[in-house]
Amino acid sequence: VQLQASGGGLVQAGGSLRLSCAASGSTFSAYAMGWFRQSPGKERQFVAAITPSGGRTYYADSVKGRFTISRDNAKNTVYLQMNSLKPEDTAVYYCTAGAYSVIISSTPPYWGQGTLVTVSS
């Protein structure tokens, strides 16, 4: 499956941004989807995951209550709505696909190219 993330940009602290990730090349609804992020000088970090049907979601503690992951299987797209953004959310955000448990606890097999989110203070 090929993944193309978009929607990154510059936003002030407290603002909102919505990332999108369009999938192609395989059956989108067969995959759990997830978002990871990587800040300069830091390791890549899990952000959120959603099951193939969209019925279950899971979040990193650092974004819980502020970020929402969702998907539209008819459009082969997964979203990450980010609210109450903080400077520490600044990172390149990556869209991923794979098994739900693998996304949460390991390294998913499929990755998009990343989109940069910069939150200014």
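Treat the numbers as computed from the prediction; the structure is a model and nothing was measured.
Applying the side chain to side chain donor-acceptor pair (under 3.5 Å) criterion to T57, with sequence neighbours excluded, gives no partner residue. Take Y110 and apply the ring pair (Phe, Tyr, Trp, His ring centres under 6.0 Å) test, not counting sequence neighbours, and it matches Y31. For K64, the salt bridge (Lys or Arg N to Asp or Glu O under 4.0 Å) partners two or more places apart in sequence, or in a different chain, are D61. With sequence neighbours excluded, no residue satisfies side chain to side chain donor-acceptor pair (under 3.5 Å) with D72.
The OG atom of S16 sits 9.0 Å away from atom CE of M82, with the distance rounded to the nearest 0.5 Å. In this structure, the separation between OG1 on T118 and CD on Q12 is 13.0 Å, given to the nearest 0.5 Å. Here the straight-line distance linking atom CH2 of W35 with atom OG1 of T96 works out to 9.0 Å at 0.5 Å rounding. The distance from atom OG1 of T115 to atom CD of Q4, rounded to the nearest 0.5 Å, is 9.0 Å. Once rounded to the nearest 0.5 Å, the distance linking OG of S6 with CG of L19 reads 8.0 Å.
Side chain of T51 to main chain of R56: a donor-acceptor pair is present (N/O by atom type, distance under 3.5 Å, no hydrogens or angles). With N83 contributing its side chain and G14 its backbone, the two residues share no donor-acceptor pair below 3.5 Å. In this structure a side-chain-to-backbone donor-acceptor pair under 3.5 Å is missing from T27 to S29.
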Could you pull out all donor-acceptor pairs under 3.5 Å where a side-chain atom in residues 101-108 meets a protein atom, sequence neighbours excluded?
unit_1	atom_1	unit_2	atom_2	d
S105	OG	S101	O	2.7

Listed pairs under 3.5 Å, donor-acceptor, residues 84-95 side chains, sequence neighbours left out:
unit_1	atom_1	unit_2	atom_2	d
D89	OD1	R37	NH1	2.9
D89	OD1	R66	NH2	3.0
D89	OD2	R66	NH1	2.7
D89	OD2	R66	NH2	3.4
D89	OD2	K86	N	2.8
T90	OG1	P87	O	2.9
T90	OG1	V119	N	2.9
T90	OG1	V119	O	3.4
Y93	OH	R37	NH1	2.9
Y93	OH	D89	O	2.6

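Under the 4.5 Å side-chain heavy-atom criterion for ILVMFWY residues, a single connected hydrophobic cluster contains both F67 and V117. Note on L116: it clusters hydrophobically with F36, by side-chain heavy-atom contacts below 4.5 Å among ILVMFWY residues. Residue I50 is not grouped with residue Y100 when hydrophobic side chains (ILVMFWY) are merged at heavy-atom distances under 4.5 angstrom, including chains of intermediate members. Put simply, Y79 and Y58 are part of two different groups of oily side chains (I, L, V, M, F, W, Y) that touch within less than 4.5 Å, one to the next. Tracing side-chain contacts under 4.5 Å through hydrophobic residues (I, L, V, M, F, W, Y), one never reaches W111 starting from L3; they form parts of separate clusters.
The minimum heavy-atom distance between S62 and Q45, with the atom names listed, is OG-NE2, 3.6 Å.
Using a 4.5 Å cut-off on side-chain heavy atoms (C-beta onward), V78 and I69 make contact. Considering only heavy atoms from C-beta on, E43 stays 4.5 Å or farther from Q38 through its side chain.
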Walk me through it: do L10 and S120 pass the test side chain to side chain contact (heavy atoms under 4.5 Å, CB included)?
-> CA-CA 7 Å; L10 174 64; S120 63; 4.3 Å; yes
For V1 and F28, what are the C-alpha separation, side-chain angles and deciding distance, and is it a side chain to side chain contact (heavy atoms under 4.5 Å, CB included)?
-> CA-CA 8 Å; V1 58; F28 177 72; 5.7 Å; no
